[in-house]
There are 2 protein chains.
Amino acid sequence: MARTDFTRMRCPVARSMAVLGERWAILVLREAFYGAKRFEEFERNLGIAPNILSARLRSLVEHGMLDRVPVGGGGRGAAEGEGSGRGGGRHEYRLTEKGRDFFPAYLALKRWSDRWMTDAAGPVVVLVDRETGAEVTAPVPSRPDGTPLGPEDVRVLPGPGASPAMRRRFLLLAADAELGEAMDDGR
Amino acid sequence: MARTDFTRMRCPVARSMAVLGERWAILVLREAFYGAKRFEEFERNLGIAPNILSARLRSLVEHGMLDRVPVGGGGRGAAEGEGSGRGGGRHEYRLTEKGRDFFPAYLALKRWSDRWMTDAAGPVVVLVDRETGAEVTAPVPSRPDGTPLGPEDVRVLPGPGASPAMRRRFLLLAADAELGEAMDDGR
DNA sequence: CGGTATCCCATTTGATACTG
DNA sequence: CAGTATCAAATGGGATACCG
């Protein structure tokens, strides 16, 4: 009756949902992508209760997407003593490589959201390349010739990590598919 | 004390989390992308309790990502009478355009998951182009010259849908950023 | 500022039984 | 098969008070 532990599922995407499958996680990441580092920034920008922000940050740290680094000796000026003087906080939340690598997925989600979940006016936020000023949006999967690829253009095969059981399931599915479609397979 | 209504947030991504910010939603979509249509397929492939599958499917239908179409008169043979003869179920869940358009985002998530949430062996599932047999993976956002773009290469600007308040916030942030960068504090 | 500790409610999730 | 109904447990989420 306890919740199924998604981290134990074989499917990597399912595992991801253990971290990301909850309303705030991706928004916290969004803030990180947009430059937030300190607790209070996240709190203010998100309008989230501190206790739950705390929990979310902890979860992201646990899953290796953020690092919680003590601050005070960050770069330059003050050594660390200024508990109350100025320069403030105790920690900073920094994207790890794993966290940064989620950016493309975030962009893809943003693209979809901007397209389908927006009302009228258009995207609230636009991202542009710092260097070139060009708008940055997620590229769409497509063939070399430019045709976009949808779910129906794709065939699902067991990968290297598939269990024997899965392989069997796939064989059955494949057989089904061949029955259903004439038989012009590409592989 | 009621949960904040994510559908009311201005940020489209936040709105998306109203549907997708829960552990099963994306996995249900995954199954749809991989060809599942019938209740039982989802149920079996996911190992999910029927009541919760029911709830998830309903939510996806409500949010316009799936269509629930009565089956029996689908394409050809039987009009609709065959309640038990063969061809089985009562309904089919079909991806809407909105649902299909989520595929790129799913792919991007899968790419990340395969990279970071997998253990050893590698991806459990591989997608290949039906036509060409080429592996299909999410393309990464990058400059025309091929350099990949990360969160730090990007500048956040208010878009057409931004409220005046947001615009002000952005101005402040921009000012901050300029200060910070001028001082070159290695962040 | 940067959180943690409490208290409490709303949902999600699960297991399972039940119906057309 | 395709769900819905019921019931119980666990978690997420929110408000707020509190501490270094």
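Everything numeric in this text was worked out from a predicted model, so none of it was measured. Sequence lines set the chain letters: A, B, ... in the order given, protein chains first and strands last, and positions in each chain run from 1.
Listed by first and then second residue, the side-chain hydrogen bond (donor to acceptor under 3.5 Å, both in side chains) pairs that reach into residues 57-71 of chain A are A/Arg68-A/Tyr93, sequence neighbours excluded. For residues 8-28 of chain A, the set of pairs meeting the ring pair (Phe, Tyr, Trp, His ring centres under 6.0 Å) definition, not counting sequence neighbours, comprises A/Trp24-B/Phe6. Residue pairs meeting the salt bridge (Lys or Arg N to Asp or Glu O under 4.0 Å) criterion with at least one partner in residues 133-142 of chain A, sequence neighbours excluded, are absent.
Within 4.0 Å of A/Tyr93, counting heavy atoms only, lie sugar-phosphate atoms of the nucleic acid but no base atom. Heavy atoms of A/Arg44 sit nowhere under 4.0 angstrom from any nucleic acid atom.
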Could I get a table of every N or O pair under 3.5 Å where one atom is in the protein and the other is in nucleotides 4-7 of chain D?
residue: D/dT4; atom: OP2; partner: B/Ser54; partner atom: OG; Å: 2.2
residue: D/dT6; atom: O4; partner: B/Asn51; partner atom: ND2; Å: 3.2

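Atom pair B/Met17:CE and D/dG12:C1' shows a separation of 14 Å (rounding to whole Å applied). One interatomic measurement links the two molecules: CG of B/Leu20 to P of C/dT12, which rounds to 14 Å at whole-angstrom precision. Protein atom CD1 of A/Ile52 is 13 Å distant from nucleotide atom C1' of C/dT11, rounded to whole Å. Atom CE of B/Met9 and atom C1' of D/dG13 are 12 Å apart (whole Å). In this structure, the CH2 atom of A/Trp24 is 18 Å from the P atom of C/dA10, given to the nearest Å. The nearest whole Å value for the distance from the NZ atom in B/Lys37 to the C1' atom in D/dC1 is 17 Å. Between the C1' atom of C/dT12 and the CZ atom of B/Arg3 lies a distance of 7 Å, rounded to the nearest Å. Between A/Glu92 atom CD and C/dC1 atom C1' the separation is 13 Å, expressed in whole Å.
Partners of A/Phe103 by ring pair (Phe, Tyr, Trp, His ring centres under 6.0 Å), not counting sequence neighbours, listed by chain and number: A/Phe33. With sequence neighbours excluded, the residues forming a ring pair (Phe, Tyr, Trp, His ring centres under 6.0 Å) with B/Phe102 are A/Trp112, listed by chain and number.
Of all nucleotides listed (C/dA15, C/dT13, D/dG3), C/dT13 comes nearest to the side chain of B/Glu22.
In this structure, B/Arg23 does not reach the C/dT12 phosphate: none of its side-chain N or O atoms is under 4.0 Å from OP1 or OP2. An OP1 or OP2 oxygen of D/dA2 is reached within less than 4.0 angstrom by no side-chain nitrogen or oxygen of B/His91. Of the side-chain N and O atoms in A/Arg38, one or more sit less than 4.0 angstrom from OP1 or OP2 of C/dG2.
The 5' end of DNA chain C is approached more closely, in terms of each residue's nearest nucleotide, by A/Leu57 than by the other of A/Gly21 and A/Leu57.
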Begin from the C-alpha positions of B/Tyr106 and B/Ile26 and carry the test side-chain contact (heavy atoms from CB on, under 4.5 Å) through to its verdict.
-> CA-CA 8 Å; B/Tyr106 170 75; B/Ile26 291 186; 4.2 Å; yes
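Under a 4.0 Å N-O distance rule, the pair B/Glu92/B/Arg94 qualifies as a salt bridge.
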